[in-house]
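Below, chains carry the letters A, B, ... as their sequence lines are ordered, and counting in each starts from 1. Values below: every heavy atom of this structure, side chains too, minus hydrogens, waters and symmetry copies. Please read these numbers as outputs of a predicted model, since none were measured by experiment.
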Amino acid sequence: MPRSYDPHAIEEKWQADWEATGIYSVTEDVDKPKKYVLEMFPYPSGDIHMGHVRNYSIGDVVARYFTMRGMSVLHPIGWDAFGLPAENAAIKSNSHPGKWTYANIEKQAASFKRMGFSYDWDRTVKTCDPDYYRWGQWSFLKFWERGLVERKSSPVNWCPSCKTVLANEQVLGDGTCWRCKSVVTKRELEQWFLKITDYAQELLDDLDELPGWPDRVKAMQANWIGRSEGAEVDFALCDESGEPCDETITVFTTRPDTLFGCSFFLLAPEHPLVKQFVVGTQYEAAVMDVVKSAEMESAIDRSSADKERAGAFTGRYVVNPVNGEKVPVWVSDYVLMEYGTGAVMAVPSGDQRDFDFARKYDLPIPPVVVAEDDELFGQLSGVRERVLADVPWDIAFAGDGVMVQSGEFTGMRGGKASEGMKAVTEWLAERGQGRFNINFRLRDWLISRQRYWGNPIPAVHCPACGLVPVPEDQLPVMLPMDVDVTKGETLADHPEFYETTCPTCGGAARRETDTMDTFTCSSWYYLRYCDARNDDAIWDPTKTDYWMPVDQYIGGIEHAILHLLYSRFFTKVYRDMGLVSFAEPFTNLLTQGMVKLDGATMSKSRGNVVAPEEIIAKYGADTLRAYILFMAPPDKDLEWNNDGLDGMWRFLGRAWRYIAEVAEEAAAGVSGAAAAGDSASKSLRSERHRVVGKVSDDIERFQFNTALSAMMELVNAAYDYRRAMPAGTRDVVLERDVAETLTLLLSPYVPHMAEELWREILGHETSVHLESWPAWDPSAAVSDEIEYAVQVNGKVRAHLTVAADAPTDDVQAAALALEKVVEHTTGKTVRKVVVVPGKLISIVVG
RNA sequence: GCCCGGGUGGCGGAAUUGGCAGACGCGUCGGUCUCAAACACCGAUGGUGGCAACAUCGUGCGGGUUCGAUUCCCGCCCCGGGCACCA
């Protein structure tokens, strides 16, 4: 009896062997095509969960496959090691975030090694190592030199639970913190920003250069960047009589074609002019009510769409530049200070929000763009002057139509990007009262954090010189390790840290005590992997030029905007600095689905966790790897279910047994035929070639589940062959080939089992992971007989087996002569016969 | 409201270019082995009718194109995700 499959006896043995022989270390090899396969690096929480198992198993199969296809494959791993969970854990366990983090990295690295992933561990980065974060600080200084760093005061997102500010991208759709789910509030604070908006247009345009990204992710990024084309329009402030004063207020609008319908003007409650306008006037009380209640409201309430809009008249007016009309200036909470200019021209006939506001406060709603099928069209078509001051409509009309009551523009097409929009904007531009403009929803990236466990911002506040960058030769600004977070301390509580001298004037100065958003650390780690141990530069460009861009990036959909947008931004800045020669870091992106249990994401707090360690203890790492890939295609969410594990275990056992039996028979000298011509041998041979082709193709399109199905089919066919052919009559060369081929096909999925089979059972000297991918001959995959399905009036009535090279006419004649076909065609006229070569014959009768 | 996905047996899923729907696996049922169980192996398994051959229905719903539609077109329903007082 051949030895049976025992993962526990082999897995750790081979892990030690691979580590000792360093078979997964790579260097630049100019003689081979390169592939950079990367999975998003993990936060070192200490435990490995099913999401990790899935993510890293996918990457491992891809990396091993490309290696076997003769490519030079970079497949690194590292740790996104700064961040709040370390501080929270340290507080809980009365420890230090660093101690906790480094211990977790050890533990988690051991788990990853236990899974048998093929990483080049020599390239590991830990973002909390000074050797790493100094280059993050260096990047910050370079960004600063390029004018991409700004310290400014603005209303920012504050998470009361994390006790720090958040970037816009880090606030979820429901107004909660992405990490802790607390409700985020707004605070006016002075903070550090990276000017990602300088790259808004390019970040949007270059999405078209990424055919290897899922449309979903590109749509989400485009949505987030939120480009709108329109115009700026200047409105002059005027006095009660309508006489313009010197001051103007500019608005952004996507509909300058509706300017003739502007019947009031709005300012955001936070707009600086509001107080100036109303202080000491009869309007002050009502206006300040609106301002105060807007301040009180949470971000969620404020943005609730069906909320009653509050407003008040300021007592002031502006002049509409197209018709000289005096327009009242109101304040309303539906105008946002953060978007556009914080001021809006209200056109109630063309905008539902303005319409509702006008009805509530009894303001006029003159129509200016009407649809041809609207009852007003007949009445107003061609009418230049305003004859109708209020529409009979119940809702605004925001669609495309014809301009009316619009002076010289009357009769033009109105709507977004319309003839009228362009004509009005040009008219304004000629007079210096407006211009074409583009607005983005994307805001600058707020990167300062009022927390300890992060990368210190390399800046000094000097009372004489202002903000001064830390000189490059003084990097890194070391994060002190004696901060006691259990007492709630941050860098701002450490005089030894912040008391310093100004690098410029030498006078007493205060070091910046904010740290950088951890997303800055993860925005360039994939570049550092190319040259991870470089102490003289962030990387050697010849190395990034060899490895980059990442050919296949794999990670969770939750980073569709966050990490992926930030990394694209960083790459473009490095390109402008001349440090890299490409504009996009990730050529192909696979967003892996979540692993769920009972319909919810697995999490400790929810208590619905299946620990990978338990599965490994029972079945070994190989079964777990293969099973999680077999359960579903990688981009779909996956509902975890232990029930199928036995099936994968059975399959691996069957494959093992087959290979071991073949090897044992050969060792025992059982002889048989070679290059046998019987139909069973031919059929197994063609199945072998078909399956190699199918598995190759499936891996390249990430269909790991169907690749495994195909291997199961090969094993089934191999057993069928053994059953059909008595010992001594089998083609032993073919069987040996099937056994070796199967081992090679399995090796990216179950690397330990394949290694044991290859070296100990099949008797090879060197690792299976240094072997080439098996060759396959598409022509050998075709059998010499083909079965046709024969349809009569669209229903399959019979099957017909003919020689593969039979002429179409013969096939058709044979099909028509079939008994079952005759049954369904007698007494009817054959009207048409369609023969799809190699597949089916469709007979139409009537 | 706008923009993306998705809806196929009891379950996970397959069908790559319009060509035999349900590959492969789980589960279930029946059998072999066994004193028995476990393991393993063999067979059956979309629904309905039928002893069977077979017939018939069937990929969210309703239409359409086609010899032929899970696949393409039109109109809906449901589920998931993103964006949203964005001017």
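When each of R353(A) and I561(A) is assigned the nucleotide of RNA chain B bearing its nearest heavy atom, the one mapping closer to the 5' terminus is I561(A). Mapping W224(A) and G342(A) onto RNA chain B by nearest heavy atom places W224(A) closer to the 5' end of the strand.
Rounded to the nearest Å, the gap between the P atom of A52(B) and that of U66(B) is 40 Å.
Within the 6.0 Å centre-distance limit, the rings of F357(A) and F264(A) are counted as a close aromatic pair.
Nearest to the side-chain atoms of R216(A) among the listed nucleotides G82(B), C4(B), A87(B) stands C4(B). Of the candidate nucleotides C24(B), A55(B), C86(B), C86(B) has the atom nearest to the side chain of L336(A).
With 3.5 Å as the limit, one finds a donor-acceptor pair spanning the side chains of D354(A) and Y334(A). Side-chain N/O atoms of S228(A) and Y339(A) include a donor and acceptor closer than 3.5 Å.
Here K795(A) reaches the OP1 or OP2 of C57(B): one of its side-chain N or O atoms lies under 4.0 Å away. N223(A) has no side-chain polar atom (N or O) that falls below the 4.0 Å cut-off from OP1 or OP2 of G81(B).
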_One pair to check against salt bridge (Lys or Arg N to Asp or Glu O under 4.0 Å): R435(A) and D234(A). What are the steps and the verdict?_
CA-CA 9 Å; R435(A) 59 215 66 87; D234(A) 303 332; 2.6 Å; yes
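Residue-level contact check: G226(A) touches neither bases nor backbone, having no heavy atom under 4.0 Å from any strand. In this structure, R227(A) reaches neither bases nor backbone, as no heavy-atom distance under 4.0 Å exists between it and the strands shown. Within the nucleic acid shown, H559(A) has no heavy atom closer than 4.0 Å to any nucleic acid atom.
Taking atom CG on D356(A) and atom C1' on C85(B), their separation rounds to 10 Å, with Å as the unit.
Side-chain atoms of R216(A) do not come within 3.5 Å of backbone N or O of I557(A) as any donor-acceptor pair. For the pair T253(A) (side chain) and R255(A) (backbone), a donor-acceptor distance under 3.5 Å is present.
Atom CD of Q201(A) has more than 12 neighbouring heavy atoms from other residues, nucleotides or ligands inside a 6.0 Å radius.
Classified by its glycosidic torsion, G62(B) falls in the anti category, the angle being over 90° from 0.
Not a single ring-ring contact (aromatic ring centres under 6.0 Å, His included) links F436(A) to another residue, sequence neighbours left out. The ring-ring contact (aromatic ring centres under 6.0 Å, His included) test applied to F265(A) returns F235(A), not counting sequence neighbours.
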*Taking Watson-Crick and G-U wobble pairs with both distances under 3.5 Å, convert RNA chain B into its dot-bracket string, 5' to 3', dots for unpaired and | for cross-strand pairs.*
(((((((..(((......[....)))((((((.......))))))((((....))))..(((((..]....))))))))))))....
Only pairs under 3.5 Å count here: list side-chain donor-acceptor contacts from residues 832-846 of chain A, not counting sequence neighbours, and write none if there are none.
none

What protein N or O atoms touch nucleotides 41-51 of chain B N or O atoms at under 3.5 angstrom, if any, and at what distances?
unit_1 : atom_1 : unit_2  : atom_2 : d
C42(B) : OP1    : R723(A) : NH1    : 3.0
C42(B) : OP1    : R723(A) : NH2    : 3.4

*Would you give a per-nucleotide map of nucleotides 11-23 of chain B, 5' to 3', where B means the base has a protein non-hydrogen atom under 4.0 Å away, S means only the sugar-phosphate does, and - means neither?*
-BSSSB--BB--B
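Residues F704(A) and V62(A) meet the side-chain proximity criterion, which asks for heavy atoms closer than 4.5 Å.
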